[in-house]
Amino acid sequence: MTSGPERTQRWPARLALLAVGLLSLHCASADRPRTAGVPARATEAVAPSAALPSRTLRVRVYADEEYRAQVLHWERGFEAWLQRASAAVREPLSVTFTLESARAWERRGSEGSLEPVLDALEALDAGEDVDLVVGLVSAPPAFSESQHELGFARVLGRHCVLRGINGAVPVQARRHLEVSTLLHEWAHTLGAFHVRDARGWMAPKYDAAQTGFAPRTLALLEVGLRHLPRARVEVEAQRAWARALRTVLEGMVGPAWEGPERDFLLAWTERARATHVVLGPEGTPKGLTPPERQRLAEVIALEKAGQAQVAAEALEPLAARHPYDERVQLLACYLAVHLTPALAATRERCEQAVARFPGEPSLRMNVALLHLHAGRFDAAQESLLAARRNLSAQSDLEPSLWADLAGLFLRAHCVTWAEEAAARAPGLAASEAVLEQAARLRRQVVLPAGIEPSTAPPRPAGVEPSREGPLVRAVFDIEALLHAGSSGPARDRITALAQAYPESPSVALVQCELHLLQGRLGPARSACERVLASREDAVQAHLLLGVLATNTRAHTRARAHLERVIALEPSRTEAWHLLAREYRGTRHLRVLQARYRERFSRDLP
């Protein structure tokens with residue numbers, strides 16, 4: 001093993017030899033092919049593609065403390081470095097590099113592998129507003145031919161780290177090495193990989209005679225340039241990139257190309273074409289940087305503390321930078337739904353999130369909530385059914401999600417589906433509340449009896465679950481018209497309801513109310529009795545028959561119906577008031593008053 005001082009002494013000498021090779025290359029005949037010495041299979045002809053449009057790639061550079069100590073006027077030096085790299089690729093790729101900014105990087109220590117340094121650079125700056133982020137670190141104590149020792153890039157990413165070059169190296173050799181290393185690492189970010197047995201810029205080892213990219217590598221780089229930067233933030237653009245990249249990769253066969261690097265890229269194209277989210281460089285969804293993860297945690301804490309508006313404002317920059325981060329977009333949709341449900345922008349945001357993450361049930365439920373706010377019940381029902389499919393497909397999830405879905409189904413008046421969802425989360429207070437309210441709704445509009453909280457969910461006979469919502473809403477609308485005195489429109493709606501649901505006792509219920517309002521007591525009694533024949537606990541039918549019996553002085557019948565209303569739903573205070581009139585002058589009134597006081601903590605009027 002060579003000692004450290006000996007390695008340091010050999011660095012200038014080694015580069016001097018490289019400089020000789022470089023000078024001889026520049027002195028060669030102008031007719032000499034640029035790919036001389038490259039195996040024929042690696043340089044076989046590639047069909048020319050349409051000319052690339054001129055592209056200016058914005059580069060941001062960071063220099064660590066040691067690099068800044070070694071290189072005087074490093075900012076100007078790197079800008080000149082970019083200019084030389086631009087001259088090398090302007091003709092074949094129509095690319096020009098421009099320096100967006102040069103920044104100090106407050107870190108030290110770059111000995112050993114450059115991969116941790118690259119990780120630190122990515123954590124420092126996601127670089128989503130530029131095309132390339134470069135980190136400059138100190139020169140090594142001894143020269144290495146390995147490209148991984150000279151620089152390191154994130155394949156399919158936008159970051160690379162480059163080592164400095166010892167100042168004793170001749171200027172011309174240093175400039176060639178700088179350009180070669182920068183273009184080598186930049187090409188990795190576009191998907192280029194090492195070409196064995198070749199002397200171009202993508203050779204695994206540096207050589208002073210290196211110049212240019214092999215034709216197939218150029219084709220691969222062209223694919224990246226045509227699809228980036230959109231392919232890093234949009235699913236369809238990334239899929240298009242993956243398809244085009246795979247076509248080029250499938251043509252790169254032979255010893256020069258085969259190996260794990262090509263296999264990795266082929267696997268990445270498969271994942272990119274199959275996924276519904278944007279993938280990061282390693283083939284997984286792009287993650288947040290550590291500062292961004294901290295910001296997300298702060299936003300969640302704000303929301304839990306009841307500061308939803310502040311949380312939404314703090315989240316917005318993250319939501320804009322990470323349109324394909326599921327956690328960020330789910331939270332952004334949730335906050336928008338609860339703060340601005342009526343805005344078109346809220347609906348657009350949540351529907352975009354659903355399109356990006358179609359398997360996430362919470363997003364479907366939030367979209368359903370928006371539809372419910374706007375009275376779009378059919379659309380809400382569709383979203384809730386999609387959410388139910390999402391939940392059913394997941395084996396490991398919080399039972400509270402089923403309870404949430406149950407509550408939304410009930411708000412959409414989908415009673416059976418609400419009960420079935422609640423039964424998937426037994427023991428939760430929210431589930432028990434849904435089952436209780438669903439049972440009350442069934443009694444109120446005379447739907448067939450549903451499930452009991454402790455039993456499996458059988459399918460009740462009668463109205464199909466998909467038609468329950470329209471039926472319930474139709475009954476409520478007719479009752480509202482009757483209470484407003486609009487008997488003509490109510491009669492028309494009852495006729496339509498009877499045609500749509502000819503077997504439903506709900507039709508007889510609203511017919512009973514219409515007859516009673518019009519003073520047709522016989523038809524009213526017959527209609528309500530038909531309702532009770534279907535469901536004895538139809539509370540509204542009991543109330544209507546109690547009113548009818550009171551008006552005809554059928555006191556015994558009135559008291560029986562009104563007592564049944566109170567037994568079924570003690571909160572129906574109108575039944576208490578009517579019953580008090582029936583019990584006036586009897587000893588039963590005092591008992592009724594005591595019951596009322598116990599129930600409502602006030603006296604019966």
- Task: Could you pull out all residues at least two apart from Arg230 that satisfy salt bridge (charged side-chain N to carboxylate O under 4.0 Å, His left out)?
- Result: Glu234
- Task: Would you check if the side chain of Ser431 reaches a backbone N or O of Gly427 as a donor-acceptor pair within less than 3.5 Å?
- Result: no
- Note on the structure: When every non-hydrogen atom of Glu468 is compared with those of Cys414, the smallest separation belongs to OE1-C, 3.8 Å
- Message: With a 6.0 Å cut-off (strictly less than), is the heavy-atom count around CD of Glu313, excluding the residue itself, greater than 12?
- Response: yes
- Rounded distance (nearest 0.5 Å) linking atom CZ of Arg273 with atom CH2 of Trp241: 14.5 Å
- Message: Would the distance check show the side chain of His542 and the main-chain N or O of Ala538 forming a donor-acceptor pair, the cut-off being under 3.5 Å?
- Response: no
- Query: Hey, does the side chain of Asn366 reach the backbone of Cys333 with a donor-acceptor pair shorter than 3.5 angstrom?
  - Reply: no
- Message: Strictly by side-chain hydrogen bond (donor to acceptor under 3.5 Å, both in side chains), give each pair with a member in residues 398-413 just once, sequence neighbours left out.
- Response: none
- Message: Tell me if a side-chain donor or acceptor on Arg473 pairs with a main-chain N or O of Ala412 at a distance below 3.5 Å.
- Response: yes
- Arg246 (side chain) donor-acceptor with Leu266 (main chain) under 3.5 angstrom: yes
- Task: Please determine if Glu128 and Arg232 form a salt bridge, counting it only when a charged side-chain N lies under 4.0 Å from a carboxylate O.
- Result: no
- Could you check Asp477 against Leu481 for side-chain contact (heavy atoms from CB on, under 4.5 Å), going step by step and ending with a plain yes or no? CA-CA 6 Å; Asp477 290 345; Leu481 289 170; 5.6 Å; no
- In terms of heavy-atom contacts, Leu548 and Ala524 come closest through CD1-CB, 3.9 Å
- Query: Quick one: are Asn390 and Glu360 in side-chain contact, heavy atoms under 4.5 Å?
  - Reply: no
- Query: Is there a donor-acceptor pair closer than 3.5 Å between any side-chain N or O of Thr346 and the backbone N or O of Ala342?
  - Reply: no
- Residues in salt bridge (charged side-chain N to carboxylate O under 4.0 Å, His left out) with Arg356, at least two apart? none
- Can you find a pair of side-chain heavy atoms, one from Thr269 and one from Arg243, that are under 4.5 Å apart? no
- Message: For a side-chain contact (heavy atoms from CB on, under 4.5 Å) check, start with the C-alpha distance between Val155 and Phe264, then their side-chain angles and the critical distance, and finish with the verdict.
- Response: CA-CA 10 Å; Val155 176; Phe264 163 79; 4.0 Å; yes
- Message: Is it true that, when you exclude Arg295 itself, more than 12 heavy atoms of the residues, nucleotides or ligands shown sit nearer than 6.0 Å to its CZ?
- Response: no
- Query: Would a 4.5 Å heavy-atom cut-off, applied to side chains only, mark Leu545 and Leu532 as touching?
  - Reply: yes
- Item | Arg599 CZ: over 12 foreign heavy atoms closer than 6.0 Å | no
- Query: Can you tell me how far the OG atom of Ser466 sits from the CD atom of Glu382, to the nearest 0.5 Å?
  - Reply: 12.5 Å
- Query: How long is the gap from CG on Leu384 to CZ on Phe377, to the nearest 0.5 Å?
  - Reply: 11.5 Å
- Query: Are side-chain heavy atoms of Leu405 and Pro361 found at a separation under 4.5 Å?
  - Reply: no
- Item | Pair Glu351 + Arg347, salt bridge at N-O below 4.0 Å | yes
- Message: Distance check, rounded to the nearest 0.5 Å: Gln394 atom CD versus Leu391 atom CG?
- Response: 6.0 Å
- Message: Filter on ring pair (Phe, Tyr, Trp, His ring centres under 6.0 Å), then keep only pairs touching residues 501-520, sequence neighbours left out; what's left?
- Response: none
- Under the side chain to side chain contact (heavy atoms under 4.5 Å, CB included) test, which residues partner Ala498, sequence neighbours left out? Val507
- Task: Measure the spacing between CD1 of Ile494 and OG of Ser487 and express it to the nearest 0.5 Å.
- Result: 9.5 Å
- Would you mind reporting whether Arg239 and Val235 have side-chain heavy atoms less than 4.5 Å apart? yes
- Task: Please name the pair of heavy atoms, one in Leu330 and one in Ser362, separated by the smallest distance, quoted to 0.1 Å.
- Result: CD1-CB, 4.0 Å
- Message: Within the 4.5 Å heavy-atom criterion, are Leu578 and Val547 side-chain neighbours or not?
- Response: yes
- Item | Arg154 vs Asp119, salt bridge (charged side-chain N to carboxylate O under 4.0 Å, His left out): CA-CA, chis, key distance, verdict | CA-CA 9 Å; Arg154 185 69 69 203; Asp119 293 338; 2.7 Å; yes
- Message: Donor-acceptor pair, distance only, cut-off 3.5 Å: does the side chain of Arg559 make one with the backbone of Leu579?
- Response: no
- Would you say Arg535 and Arg442 make side-chain contact, with heavy atoms under 4.5 Å? yes
- Query: Which pairs pass side-chain hydrogen bond (donor to acceptor under 3.5 Å, both in side chains) with one or both residues in residues 574-586, sequence neighbours excluded?
  - Reply: Thr550-Glu582, His555-Glu582, Glu563-Tyr583, Arg572-Glu574
- Residue pair Glu419, Phe409: steps toward the side-chain contact (heavy atoms from CB on, under 4.5 Å) verdict: CA-CA 9 Å; Glu419 292 168 331; Phe409 266 132; over 6 Å; no
- Minimum heavy-atom distance between Val328 and Ala319, given as atom pair plus value: CG1-CA, 3.5 Å
- Query: Do Arg520 and Ser526 have side-chain N/O donor and acceptor atoms under 3.5 Å apart?
  - Reply: no
- Item | Note: Arg158-Asp125 ion pair, threshold 4.0 Å (strictly below) | no
- Message: Quick one, Val445 and Phe476 - any side-chain contact, counting heavy atoms below 4.5 Å?
- Response: yes
- Task: Looking only at non-hydrogen atoms, find the nearest pair between Ser383 and His371 and report the distance.
- Result: OG-CD2, 3.8 Å
- Note on the structure: Minimal heavy-atom distance between Arg376 and Leu370, with the atoms involved, is NH2-O, 3.7 Å
- Task: Look up atom CG in Leu447 and atom OG in Ser506, then write down how far apart they are to the nearest 0.5 Å.
- Result: 5.5 Å
- Does the side-chain contact (heavy atoms from CB on, under 4.5 Å) test come out yes or no for Leu543 and His561, once each step is laid out? CA-CA 7 Å; Leu543 181 61; His561 284 301; over 6 Å; no
- Query: Out of Leu315, Leu302, Val299, which one pairs with Val310 under the side-chain contact (heavy atoms from CB on, under 4.5 Å) rule?
  - Reply: Leu302
